[in-house]
K.L.:
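This structure is in structure tokens; I'll ask about it shortly.
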Protein chains: 2
Amino acid sequence: MTDQSASRRRILDATRRLIEADGVAAVSMRKVAAEVGLAPTAIYWHVGSREDLLHAVLDEMVADLPPIRARGAGARDRIASVARAARQEFLDQVATLQLATELGRGNELSFRTQVALAREMTTADLEGDDAVAALRSILFLVGGFVVIEEQYRQRPPGELATRDLWAEVDDPDIDPAIREAMTGPTDTDALFTYSLDRLLDAVLD
Amino acid sequence: MTDQSASRRRILDATRRLIEADGVAAVSMRKVAAEVGLAPTAIYWHVGSREDLLHAVLDEMVADLPPIRARGAGARDRIASVARAARQEFLDQVATLQLATELGRGNELSFRTQVALAREMTTADLEGDDAVAALRSILFLVGGFVVIEEQYRQRPPGELATRDLWAEVDDPDIDPAIREAMTGPTDTDALFTYSLDRLLDAVLD
DNA sequence: ACCTGAACACCGTTCAAGT
DNA sequence: ACCTGAACACCGTTCAAGT
């Protein structure tokens, strides 16, 4: 691992820089090669195909993720803190999430959270099918929020947000107050806390 | 709308066929052109760029989606039925979801569910911030499930599922029964029903 | 109005050839 | 072991030219 060639090291670093600056789509073999001052074909010798290259970069990104640590005293607090930490991790590391999704390795990221949750469930003496169902439902909540928030952030300039679409709704079967509220922005932080709290209410003991 | 040229019609149909068979990535101007028997450059005259083409196809896919209808008598049943119908719609129309995500128009799909939920909230006399928070949390639950299930389905052949990763876990802080259960398959239908029920428990009155 | 062909600037990838 | 250059089969897109 430590005796990799300097060229390989520079190729991986340049690729990661490209991804974090302009997204996965911005990575081309010719661009990476230019960045490190090699012929495009030299990349193949060091890291293999474009896909191999992206996988290698993701490996390093995943290794660099901070561990998910539980905080707090009670079981509920600790479980909630894991869920919040997992979400925060990917809000902070958008490139990692995007690359993992692109390569079909989102499950690897999810796994870290699964293990952390399983530890807290065990500590809290939660057992059996209920514990597993609770674990998985929390997992989907976190994963769902992260992925949807990410999609929301990547909405192309021209596209309308749903709050704009709501401004044009004129439906007598819909409470005007609800309609009005839907034209406002969504506070995803607050919504996540709310959803998580409600789910934990229902799922724990 | 009805007086579009036959060529344009055939271009849109061929593109949609390509997307539904092999995914968005399989759509190239040259392939579409070959499919309809025109020179690649003729596509530009009829539908504009590749992006314009994809947007036009998505427009038609969205128009073809069946309306989301509430079923049942009580408020809770009707709200749950909307959530289930919304999820089912996209499990049935994977190509539509994939294309919308790719084009950053996932919010449009979400909007249909938002309106249907707002109607049921109004009928049930749910009002104020609580109703909106409930609506949005249900929305994120449905959206999260749909997107994650979709990602899960697209896992490339070589990649490991998290259940495989669990098989190698040997952590004294994790209940062996939980570990064992996590090596099994996830019944996403049951998990969705479970999560939705728990959320509705906590969110409705 | 509708379509073609040539052309440009990009891709990923293979492979023989060099040092 | 490490790297280059030529080459192949693809891309999206523009534009002048044809009917």
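Residue numbering restarts at 1 for every chain, and letters A, B, ... go by the order of the sequence lines.
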K.L.:
Going by heavy atoms closer than 4.0 Å, what residues in residues 10-20 of chain A are next to DNA chain C?
P.N.:
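None - not one residue of the stretch has a heavy atom sitting under 4.0 Å from the strand.
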K.L.:
Which residues satisfy the salt bridge (charged side-chain N to carboxylate O under 4.0 Å, His left out) test with Arg153(B), sequence neighbours excluded?
P.N.:
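In terms of salt bridge (charged side-chain N to carboxylate O under 4.0 Å, His left out), with neighbours along the sequence ignored, Arg153(B) is linked to Glu150(B).
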K.L.:
Would you say that Ile19(B) contacts Val27(B) through its side chain, given a criterion of any heavy-atom pair below 4.5 Å between the two side chains?
P.N.:
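Yes; the side chains approach each other to less than 4.5 Å.
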K.L.:
Is the shortest side-chain heavy-atom distance between Met61(B) and Gln93(B) below 4.5 Å?
P.N.:
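Side-chain contact under 4.5 Å: no.
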K.L.:
Within 45° of the axis and under 6.0 Å from the centre of the six-membered ring of Phe140(B), does NZ or CZ of Arg136(B) qualify?
P.N.:
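So Arg136(B) doesn't make the cation-pi contact.
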K.L.:
The criterion is salt bridge (charged side-chain N to carboxylate O under 4.0 Å, His left out); which residues satisfy it with Arg179(B), sequence neighbours excluded?
P.N.:
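Once residues adjacent in sequence are excluded, Arg179(B) has no partner under the salt bridge (charged side-chain N to carboxylate O under 4.0 Å, His left out) criterion.
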K.L.:
Measure the distance from CD1 on Ile43(B) to C1' on dC3(C) and round it to the nearest whole Å.
P.N.:
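The distance from CD1 of Ile43(B) to C1' of dC3(C) comes to 11 Å, rounded to the nearest Å.
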K.L.:
Strictly below 4.0 Å: does His46(B) bring a side-chain N or O up to OP1 or OP2 of dA1(C)?
P.N.:
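His46(B) to dA1(C) OP1/OP2: no side-chain N or O under 4.0 Å.
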K.L.:
Using a 3.5 Å limit on both distances, find every run of at least three consecutive Watson-Crick or G-U pairs that involves DNA chain D.
P.N.:
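Looking at DNA chain D, the stems formed by three or more consecutive pairs are C:4-8 with D:12-16, C:12-16 with D:4-8.
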K.L.:
Does Arg87(A) make a cation-pi contact with Phe192(A) (under 6.0 Å, within 45 degrees of the axis)?
P.N.:
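Checked: cation-pi criterion met.
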K.L.:
Classify every nucleotide of nucleotides 6-19 of chain C by which part a protein heavy atom approaches to under 4.0 Å, writing B for the base, S for the sugar-phosphate alone and - for neither, in 5'-to-3' order.
P.N.:
B----BBBBB----
K.L.:
For Arg8(A) and dC3(D), give me the distance from atom CZ to atom P, rounded to whole Å.
P.N.:
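Atom CZ in Arg8(A) sits about 13 Å away from atom P in dC3(D).
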K.L.:
Considering residues at least two apart in sequence or located in another chain, which fulfil the side chain to side chain contact (heavy atoms under 4.5 Å, CB included) criterion with Arg112(B)?
P.N.:
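Listed in chain order: Leu65(B), Ile68(B), Glu89(B).
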K.L.:
Is it the case that over 12 heavy atoms from other parts of the model lie below 6.0 angstrom from the CZ atom of Arg9(B)?
P.N.:
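More than 12 within 6.0 Å, yes.
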K.L.:
Does Arg119(A) pair with Asp171(B) as a salt bridge, N-O distance under 4.0 Å?
P.N.:
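Salt bridge flag = yes for Asp171(B) with Arg119(A).
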K.L.:
If you draw a 6.0 Å radius around CD in Gln154(B), do more than 12 non-hydrogen atoms from other residues or ligands fall strictly inside?
P.N.:
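Correct, the count exceeds 12.
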